[in-house]
There are 2 protein chains.
Amino acid sequence: MGRMKVLNSPTIRRMPCYLHQLLRLRLEGHSHVSTTDLARDMDIELIVVRKDIALTGATGRRRIGYEINELIDKIKDYLGWSEMMSATLLGVGSLGSAILGYDEFNLYGLRIESVFDSDAEKIGKVIRSHEVYDISSIKQRLGYSPPDIAIICVPAANAQEVAELLVEVGIKFIWNFSNITLKVPAGVVVQREVIAGGLAMLAVKRKHYKCGNFKNIE
Amino acid sequence: MGRMKVLNSPTIRRMPCYLHQLLRLRLEGHSHVSTTDLARDMDIELIVVRKDIALTGATGRRRIGYEINELIDKIKDYLGWSEMMSATLLGVGSLGSAILGYDEFNLYGLRIESVFDSDAEKIGKVIRSHEVYDISSIKQRLGYSPPDIAIICVPAANAQEVAELLVEVGIKFIWNFSNITLKVPAGVVVQREVIAGGLAMLAVKRKHYKCGNFKNIE
DNA sequence: AAAATATTAATAAAAAAATATCTATTTGGG
DNA sequence: CCCAAATAGATATTTTTTTATTAATATTTT
């Protein structure tokens, strides 16, 4: 058995894709799915799918595949999405409100419970059924029992000060969409989302394509 | 010399971060930077920074570091961002308009030249200084000379049909923000952006944190 | 001018992830 | 009931990515 492997980044990042596909299959009335089908439908190598699913601890039946409901539960367990995570959102610009409007987060165990901004134009308004609070009231509003995670969607120029407020409030997990490296004390975990990363991948693939080097594409 | 390593995904995804930091340093008036400083400021392991930068072909001076301008150019070359990429955006919902409003893409060599949607409410309107065209006019508008890449921000239910339109128009590179696996012919490259992937990472780290297993966090 | 130091750069090792191979077993069809 | 096909599951190999070590060298300090 050996030491169980627990944190495999590429696998973890693929998990939401499996989850999404499984939810869709369930909605379509399927009860079971084989890794063969998943691999084909999702355009992921069969062996990768097998390995990923094995990590969740789900067991399948030969010639039948995996029970979709069980697999969904196993993946959610693996990701820690079985129980709800509470969240606060900082900054309701265009990206912030896009995230606020992303219904699927509910399926992923994320519940955005409060929304803050510093723009007087926005404070007090209701955006996507969330009242926007003044960022300066954050300590008073969240200090007594901070949410599980915070989502930073403020402009780069304000992100560090917002992060410091969050630390003061007692938040330990920050999902950072701003384009800077946040300085936080030890014990606070920041997950930085670099949207441009995907563009970089696409651009490099395109560059190689243009150079006639197909070998390394995809 | 051996075969030059060309496509290293994690490195490519880190490149925009370096670029961002370098642009900031330049704006602050710096002319040189050492990997030591970059590593500290960006919270990336020193050796990772060194390896990444070595891949771009930039050369630095001992005790001085790298010339920022040269390093920026080298990174842009490496990513194929030296010359502009033209793009079309499909779907101006909240995510689509967030992307449309993301000024920094200009720095990354991306120019969104046209915007399409199928919602009659949006067609003809001007969103972030882009007129929204009817998706059904895409072939007529782009067919004669398709842009370099397409950015799909339509709901999952419409993503596949939009992708098929894009293929017809002759687009070869698709940046897919919809949450499904697109089926495209060989020769068309799809880069799928899974926003929930970052949430998955954060959730898993949190799960381990709660279990007192700090070893695998960051 | 010599010594100390910060830094690049090259090489080597380890760890992580992807890929390949093989085996065993269940199921459906004959 | 037996056979063949499909597929889970285990093991092994290769590739990729990260981390460590060492050497060289330009700059600063003494």
Side-chain angles (χ1 to χ4, degrees), chain A residues 1-15 17-18 30-68 70-71 74 78 197 200-201 204-205 208 215-218, chain B residues 1-15 17-18 30-68 70-71 74 78 197 200-201 204-205 208 215-218:
Chain A
M1 202 178 220
R3 195 174 83 85
M4 198 178 73
K5 177 63 187 309
V6 276
L7 214 166
N8 176 330
S9 312
T11 296
I12 292 169
R13 290 184 166 276
R14 281 190 295 267
M15 288 297 176
C17 302
Y18 297 124
H30 295 85
S31 65
H32 291 78
V33 67
S34 69
T35 49
T36 319
D37 290 343
L38 278 179
R40 191 196 49 241
D41 295 345
M42 301 182 63
D43 207 23
I44 299 179
E45 283 295 321
L46 177 59
I47 300 165
V48 174
V49 178
R50 291 239 172 100
K51 283 268 171 185
D52 287 346
I53 284 177
L55 268 180
T56 67
T59 51
R61 289 167 60 199
R62 290 160 209 263
R63 277 191 71 98
I64 296 287
Y66 294 83
E67 214 213 315
I68 290 180
E70 187 206 333
L71 193 46
K74 289 285 188 182
Y78 180 79
M201 288 295 292
V204 171
K205 286 174 183 170
H208 288 217
K215 222 172 61 183
N216 284 306
I217 297 181
E218 289 189 303
Chain B
M1 203 177 216
R3 197 173 81 85
M4 198 178 75
K5 178 64 187 307
V6 277
L7 215 166
N8 176 330
S9 313
T11 296
I12 291 169
R13 289 185 165 275
R14 280 190 295 267
M15 287 297 175
C17 302
Y18 297 124
H30 296 85
S31 65
H32 291 78
V33 68
S34 69
T35 49
T36 318
D37 290 343
L38 279 177
R40 190 196 50 241
D41 295 344
M42 301 182 63
D43 207 24
I44 299 179
E45 283 296 321
L46 177 59
I47 300 164
V48 173
V49 178
R50 293 242 169 98
K51 283 273 171 182
D52 287 346
I53 285 177
L55 267 181
T56 67
T59 51
R61 289 168 59 199
R62 289 158 209 266
R63 272 192 80 97
I64 297 287
Y66 295 81
E67 214 213 315
I68 289 180
E70 188 206 332
L71 194 45
K74 287 286 187 181
Y78 180 81
M201 288 295 293
V204 170
K205 285 174 183 170
H208 289 216
K215 220 172 61 183
N216 284 306
I217 299 182
E218 284 191 309

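- A close approach under 4.0 Å does not occur between any side-chain nitrogen or oxygen of A:R50 and OP1 or OP2 of C:dC22.
- Counting only residues at least two apart or on different chains, no salt bridge (charged side-chain N to carboxylate O under 4.0 Å, His left out) pair has a member in residues 54-68 of chain A.
- Judged by closest nucleotide on DNA chain D, A:T59 is the one of B:I64 and A:T59 placed further toward the 5' end.
- In this structure, the CZ atom of A:R13 is 17 Å from the P atom of C:dA16, given to the nearest Å.
- Between atom OG1 of residue A:T11 and atom CZ of residue A:R14 there is a gap of 4.5 Å, rounded to the nearest 0.5 Å.
- Spacing between atom CG of B:L38 and atom P of C:dA6 amounts to 18 Å, rounded to whole angstrom units.
- To the nearest angstrom, P of D:dA6 lies 13 Å from CZ of A:R40.
- Here the P atom of nucleotide C:dG28 and the NE2 atom of A:H32 are 11 Å apart, to the nearest Å.
- Between A:I47 atom CD1 and D:dT13 atom P the separation is 15 Å, expressed in whole Å.
- Here the CD1 atom belonging to A:I53 is positioned 6.5 Å from the OG1 atom belonging to A:T56, to the nearest 0.5 angstrom.
- Note on A:T36: every side-chain N or O is 4.0 Å or more away from OP1 and OP2 of D:dA6.
- For the OP1/OP2 pair of D:dA24 and a distance below 4.0 Å, the side-chain nitrogens and oxygens of B:R61 include no atom meeting the criterion.
- Residue A:S9 places no side-chain N or O under 4.0 Å from the OP1 or OP2 atom of C:dA16.
- The side chain to side chain donor-acceptor pair (under 3.5 Å) test applied to A:T35 returns A:R50, not counting sequence neighbours.
- Look at CZ on A:R63: it is 7 Å from P on C:dG28, rounded to the nearest Å.
- Under the Watson-Crick or G-U wobble criterion, with both distances below 3.5 Å, D:dT21 is paired with C:dA10.
- Sorted by first and then second residue, the salt bridge (charged side-chain N to carboxylate O under 4.0 Å, His left out) pairs with a member in residues 31-41 of chain A read A:D37-A:R40; sequence neighbours excluded.
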Heteroatom pairs (N/O) under 3.5 angstrom, protein to nucleotides 23-25 of chain C:
{"from": "C:dA24", "atom 1": "N3", "to": "A:R62", "atom 2": "NH1", "distance (Å)": "2.9"}

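- Evaluation of the side chain to side chain contact (heavy atoms under 4.5 Å, CB included) rule for B:A39 yields B:L46, B:V49 as partners, not counting sequence neighbours.
- At whole-Å resolution of the value, OH in A:Y66 and P in D:dA6 are 18 Å apart.
- Scored by the side chain to side chain donor-acceptor pair (under 3.5 Å) test, B:Y66 finds no partners at all (sequence neighbours excluded).
- Rounded to an integer number of Å, the gap from NZ of B:K51 to P of C:dA13 is 13 Å.
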